[in-house]
Student: 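Below is the structure I would like to discuss, written out as structure tokens.
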Amino acid sequence: MLQVEQLSHSFRNGQGTVPVLQDINLTIGEGKMVALLGSSGSGKSTLLNLMAGLMKPDQGKILIAGQDIVRFSENRLAEFRRSHIGFIFQSYELLSNLTIRENVELPLVFMGISPSKRKAKALKLLEQVGLGEKANLFPSQLSGGQQQRVSIARSLITEPSVIFADEPTGNLDTETEEEIIAILQQLNRDMNTTFVIVTHEAEVAEQMQVVLTLQHGILVEEAIREV
């Protein structure tokens, strides 16, 4: 479902080129929950951004649903992301002037879906993440954990092939972190959606089916477990 082949990437600064990822090869099956584990500077967020089509690599292939997104034009990539990729941000990235239902609906607005259909779909997803009764509230009226649930619902609204999450529990306390991970696991079971989650927390990684560990831009370990 998601395959990376010979992926390398560098950043340039005033003193030259700094390698960030080196010859990454991996395959992620449909419906898996995957953790990208590593310390700060290991390259895990860069790898996530590359796989999500937010950056272009120096070399290599990134295949999602059998298509190499590295070869896409910017317009084709934007179109592909809308229909195949969801993203959950650490800082939620909700629009303060929209209700949480309107925030969840937003990706469907850009796809030209009718108001009645997108409203019904948003309400269903908000029910699934336990926020159905708060659909008409604004983000400022919710806790951090509740805002992250809205972000999760929004990421699922287009029924993407894969959802990428960058430290989705990084701003949350331990109890709320456990609630968010439980919600992701339940959605994974219910919808068979693939989740790729960047984390530096071993406690989060231990709850995933696959753990990919990065060190200094190199994939050093792949662990597969039943959870």
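Everything numeric here is computed off the predicted structure, so don't read it as measured data. Index from 1, following the sequence.
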Student: Met55, Val20: one ILVMFWY side-chain cluster at the under-4.5 Å cut-off?
Tutor: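 Linked, Met55 and Val20 end up in one cluster.
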Student: Under the rule for side-chain hydrogen bond (donor to acceptor under 3.5 Å, both in side chains), what residues qualify as partners of Gln147, not counting sequence neighbours?
Tutor: none
Student: Say you draw a straight line from CD of Glu203 to OG1 of Thr169; how long is it, rounded to the nearest 0.5 Å?
Tutor: 9.5 Å
Student: For the residue pair Gln90 and Asn171, confirm or rule out a side-chain donor-acceptor distance under 3.5 Å.
Tutor: yes
Student: Enter the distance from Leu184:CG to Arg189:CZ here, rounded to the nearest 0.5 Å.
Tutor: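 Interatomic distance, Leu184 CG to Arg189 CZ, rounded to 0.5 Å: 10.5 Å.
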Student: Verify the distance criterion only: is there a donor paired with an acceptor across the side chains of Asp173 and Thr176 at less than 3.5 Å?
Tutor: yes
Student: Around atom NZ of Lys124, are there more than 12 heavy atoms of other residues, nucleotides or ligands at under 6.0 Å?
Tutor: no
Student: If hydrophobic clusters are built by linking Ile, Leu, Val, Met, Phe, Trp and Tyr wherever their side-chain heavy atoms come under 4.5 Å apart, do Val198 and Val220 end up in the same one?
Tutor: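 Per the 4.5 Å side-chain linkage, Val198 and Val220 are not co-clustered.
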Student: So, Gln3 and Glu5: side-chain donor and acceptor under 3.5 Å apart, yes or no?
Tutor: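 Judged by distance alone, the side chains do pair up.
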Student: With a sphere of 6.0 Å drawn around CD of Gln67, does it hold more than 12 non-hydrogen atoms of other residues, nucleotides or ligands?
Tutor: yes
Student: Ignoring hydrogens and geometry beyond distance, is a side-chain donor-acceptor pair present between Ser8 and Gln6 at under 3.5 Å?
Tutor: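 No donor-acceptor contact under 3.5 Å links the two side chains.
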Student: Say whether Ile218 and Met51 are linked into one hydrophobic cluster, either directly or through other cluster members, by side-chain heavy-atom distances under 4.5 angstrom.
Tutor: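 No, Ile218 does not connect to Met51 through the hydrophobic network.
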Student: Closest approach of Leu98 and Asn103, non-hydrogen atoms and distance?
Tutor: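 Nearest pair, atom of Leu98 first, then Asn103: O-ND2, 3.2 Å.
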Student: One pair to check against salt bridge (charged side-chain N to carboxylate O under 4.0 Å, His left out): Arg118 and Glu102. What are the steps and the verdict?
Tutor: CA-CA 9 Å; Arg118 64 183 189 242; Glu102 291 168 336; over 6 Å; no
Student: Does Leu37 belong to the same Ile/Leu/Val/Met/Phe/Trp/Tyr cluster as Ile197, with side-chain heavy atoms less than 4.5 Å apart forming each link?
Tutor: no
Student: Nearest 0.5 Å please: distance from the OG atom of Ser114 over to the NZ atom of Lys119.
Tutor: 12.0 Å
Student: Would Arg149 and Gln128 count as having a side-chain donor-acceptor pair, cut-off 3.5 Å?
Tutor: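 Checked: Arg149/Gln128 side chains show no N/O donor-acceptor pair below 3.5 Å.
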Student: Using the test ring-ring contact (aromatic ring centres under 6.0 Å, His included), find all partners of Phe80 that sit at least two apart in sequence or belong to another chain.
Tutor: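 With neighbours one apart ignored, the set is Phe72, His84.
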Student: Hey, could you give me the CD/CG distance between Gln22 and Leu214, rounded to the nearest 0.5 Å?
Tutor: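 Here the rounded value is 11.0 Å.
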Student: May I ask you to check whether Gln186 and Asp190 show a side-chain donor-acceptor distance below 3.5 Å?
Tutor: yes
Student: Would you give the length of the straight line joining atom CG of Leu131 to atom CD1 of Ile100, rounded to the nearest 0.5 angstrom?
Tutor: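 Those atoms lie 5.0 Å apart.
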Student: Salt bridge between Lys121 and Glu105, side-chain N to carboxylate O under 4.0 Å?
Tutor: no
Student: Determine the minimum heavy-atom distance between Ile224 and Glu222, stating which atoms define it.
Tutor: CD1-OE2, 4.0 Å
